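Report on the following structure.
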Amino acid sequence: MAKISNFSDIEKVRLEKIEALRGRGINPFPAKAQRTHTSAEALAAFEAQESKGDKAKAVVATLVGRLRSMRVMGKIIFAHIEDGWGSIQLFLRADDVGQVQLELFRDYYDLGDFVQATGEMFRTRTGEPSLKVADFTMLAKAVTPLPAAKDEEVEGEIVRHAALTDPETRYRQRYADLAVNPEVREVFRIRAAINRALRSFLDNQGFLEVETPVLHQIYGGAAARPFITHHNQLKQDLFLRISFELYLKRLLVGNLERVYEIGRDFRNEGVDRTHNPEFTMLEFYMAYANYEQVMQLTEEMLAFTAKEVLGGTKFTYQRNEIELGVSWPRIELKDGVAEFADINLDDHPDAASLAKAMRAKGLDVNPTASRGKLIDDLLGALVEPRFIQPTFIYNYPREISPLAKSLPHDPVIVERFEGHIAGMEICNAFSELNDPLDQEARFQELGRGSASDDENAHPMDEDYLRAMRYGMPPNGGFGMGIDRLTMLFTDRATIREVILFPHLRQRED
RNA sequence: GGGCGCGUAGCUCAAUGGUAGAGCAGUGGCCUUUUAAGCCAUUGGUUGAGGGUUCGACUCCCCCCGCGCUCACCA
């Protein structure tokens with residue numbers, strides 16, 4: 001990539017045009033624009049006028065937008081401009097704007113420029129509603145050409161020619177990607193709609209949206225390594241949060257019965273198709289609910305969200321038809337393992353025995369993993385990928401769920417479920433542990449850890465225990481990755497497609 | 001971190017050891033109802049970086065960088 005001072009030949013030509021415009025007393029970057037109609041409004045107004053048959057009252061409009069195509073035919077020019085609501089054709093004729101202005105447009109306006117045009121709406125000979133331009137002006141000149149994308153309509157199908165497709169360029173220069181690929185803009189409209197729908201659903205259920213710290217002195221609430229940062233004046237290392245859980249549950253102690261937060265989590269882990277170092281989570285906590293009620297609420301919330309965002313509860317993800325509108329199958333973890341991994345967990349009460357059984361299935365087994373971790377690995381390898389339709393897996397090992405409440409009749413199993421769709425973990429929830437003494441013991445259990453390295457041992461959050469000692473109502477908690485939900489609703493195969501500026505390796509250019 | 005693949009003009013892609021090309025975009029010209037407008041002409045390249053083999057390298061080898069897929073890692 002050239003340095004910013006090294007311009008391509010095309011850019012040099014454009015810079016010359018900028019100077020030429022200035023030489024004619026035209027500011028290529030004026031401060032003010034005007035518009036009377038968006039493209040969509042102009043088209044609607046024109047069709048309304050046509051249907052009334054009122055030829056006398058022409059629709060006069062001033063439109064703004066970005067030049068996306070230009071066809072110069074001697075004394076007339078056809079061009080399309082695109083704004084935030086669509087695109088519309090401009091028709092410039094020497095008879096209307098004058099020869100000098102026509103040549104100005106032809107010689108100094110380029111694809112990618114932002115322009116303003118005023119005129120009357122009319123229909124061209126081929127029937128396309130267009131603006132018969134009487135006057136136009138430059139709003140912002142583009143120096144670098146957009147990665148050209150041309151569309152052709154063939155029998156109603158849009159065929160794109162030479163669209164920007166290189167994933168690296170698309171992610172590193174998302175602005176260019178968005179500018180030329182409308183379907184990318186649509187992904188992020190859907191993402192916003194998902195957030196809106198989730199907020200609407202939770203607000204209607206009496207939840208309070210809150211904001212808790214991103215900078216943590218003690219990280220916790222999830223199984224992940226943190227990013228570390230530093231406060232200069234306080235001379236103190238801080239962690240970017242890996243979850244909101246411990247702060248949100250403190251709020252239940254404060255008599256806020258139902259709280260949620262939508263925000264960013266940061267996990268210092270590998271990057272792949274479903275993991276970005278920073279990602280967006282929804283967590284909610286609901287006093288007096290247990291995990292069964294949260295399961296119910298999850299079904300309702302996602303069905304509601306799908307209806308709001310997609311207009312229905314069915315959608316296609318990577319060629320699979322997904323149905324969110326029915327109650328999800330609920331499979332107890334040990335039954336799922338028995339069915340899909342053909343391992344009876346009751347026959348393997350310790351890590352060594354389970355590891356042996358897993359090796360017999362041809363799985364790579366981490367020799368230092370605890371039994372709980374092995375079960376988690378087993379789920380990931382053989383069980384979870386089987387659930388294409390929304391499915392709850394419930395009742396997890398206590399060892400890997402230090403914040404969840406045990407089953408009344410079985411202390412080593414906790415009231416926890418995960419929701420899986422299309423083989424992806426979408427959400428994770430449990431009946432929250434609210435016994436401060438039990439919680440302290442669980443923290444200490446973790447501190448001992450499975451391996452010798454301290455890296456896996458989480459620090460004890462004393463203040464969280466103090467809060468719990470004041471009394472925490474029984475409650476159900478829930479966490480869901482917004483990015484993955486957006487992948488599902490937009491049928492994108494990788495998380496990078498649903499994050500505007502996904503993390504990429506640093507590159508010198 | 002391992003394996004496999006990719007990196008050529010602004011964009012999308014050709015060229016498999018023998019003069020780096022096409023379409024679009026750009027530039028010059030013709031054209032008053034086009035829509036991937038058309039027609040004529042034309043500019044544009046350190047083939048990701050570096051090294052090696054060879055008379056000759058986009059092509060083969062080594063190393064580095066980046067991206068993709070995948071496996072591993074990830075209380």
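Treat the numbers as computed from the prediction; the structure is a model and nothing was measured. Just so we're on the same page: letters track the sequence lines, and every chain starts at 1.
Residue-level contact check: Thr165(A) touches the backbone only, with heavy atoms under 4.0 Å from sugar-phosphate atoms and none from bases. If you check every strand for non-hydrogen atoms under 4.0 Å, Asp166(A) touches sugar and phosphate atoms only.
In this model, no donor atom of one side chain and acceptor atom of the other lie less than 3.5 Å apart for Arg106(A) and Gln101(A). Checking Tyr109(A) against Lys17(A) by side-chain atom types alone, no donor-acceptor pair falls below 3.5 Å. Side-chain contact annotation: Arg416(A) with Asn395(A), donor-acceptor N/O pair under 3.5 Å absent. For the residue pair Thr280(A) and Arg191(A), a side-chain donor N or O sits within less than 3.5 Å of a side-chain acceptor on the partner.
For the pair Arg170(A) CZ and G10(B) P, the computed distance is 20 Å after rounding to whole Å. To the nearest angstrom, P of U32(B) lies 12 Å from CZ of Arg125(A). Here the C1' atom of nucleotide A75(B) and the CD atom of Glu245(A) are 13 Å apart, to the nearest Å. Straight-line distance from the CD atom of Glu128(A) to the C1' atom of A37(B): 13 Å, rounded to whole Å. A straight line from CD1 of Ile375(A) to P of A75(B) spans 16 Å, rounded to a whole angstrom. Rounded to an integer number of Å, the gap from CD1 of Ile495(A) to P of C74(B) is 19 Å. Residue Glu425(A) contributes atom CD, which lies 13 Å from atom C1' of C74(B) at whole-angstrom precision.
The aromatic ring centres of Phe392(A) and His420(A) sit 6.0 Å or more apart.
For Ser8(A) and G10(B), the shortest distance from a side-chain N or O to OP1 or OP2 is not below 4.0 Å. Regarding contacts with the backbone of C67(B), a side-chain N or O of Arg172(A) is found under 4.0 angstrom from either OP1 or OP2.
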Distances under 3.5 Å between nitrogen or oxygen atoms of protein and nucleotides 68-73 of chain B:
unit_1	atom_1	unit_2	atom_2	d
G68(B)	OP1	Arg496(A)	NE	3.3
G68(B)	OP1	Arg496(A)	NH1	3.3

Output a table of nitrogen or oxygen pairs between the protein and nucleotides 26-31 of chain B separated by less than 3.5 Å.
unit_1	atom_1	unit_2	atom_2	d
U27(B)	OP1	Lys17(A)	NZ	2.4
C31(B)	N3	Val72(A)	O	3.4
C31(B)	N3	Gly74(A)	N	3.1
C31(B)	N4	Gly74(A)	N	3.3

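The base of U34(B) sits with one of its N or O atoms less than 3.5 Å from a complementary donor or acceptor on the side chain of Gln89(A). For U34(B), its base sits under 3.5 Å from the side chain of Arg71(A) at one donor and acceptor pair at least. Judged by distance alone with a 3.5 Å cut-off, a donor-acceptor contact links the side chain of Thr124(A) to the base of U34(B).
As the counterpart of C30(B), G38(B) is assigned, both hydrogen-bonding distances of the Watson-Crick or G-U wobble pattern falling under 3.5 Å. Across all strands shown, C6(B) pairs with G66(B); the Watson-Crick or G-U wobble distances both stay below 3.5 Å.
Partner of Lys405(A) under the side chain to side chain donor-acceptor pair (under 3.5 Å) criterion, out of Asn434(A), Asn475(A), Asp435(A): Asn434(A) alone.
Considering every non-hydrogen atom in both Tyr464(A) and Met472(A), the closest pair reads OH-CE, 3.9 Å.
Considering only the side chain of Arg505(A), C67(B) comes nearest among C67(B), U32(B), A75(B). Listed nucleotides: U12(B), U33(B), U32(B). Nearest to the side chain of Phe91(A): U33(B).
Listed for the Arg250(A) side chain is a donor-acceptor partner under 3.5 Å among the backbone atoms of Leu246(A).
One finds no salt bridge joining Lys132(A) and Glu120(A) here, because no Lys/Arg side-chain nitrogen approaches an Asp/Glu carboxylate oxygen to under 4.0 Å.
No side-chain heavy atom of Arg398(A) sits less than 4.5 Å from a side-chain heavy atom of Ile413(A).
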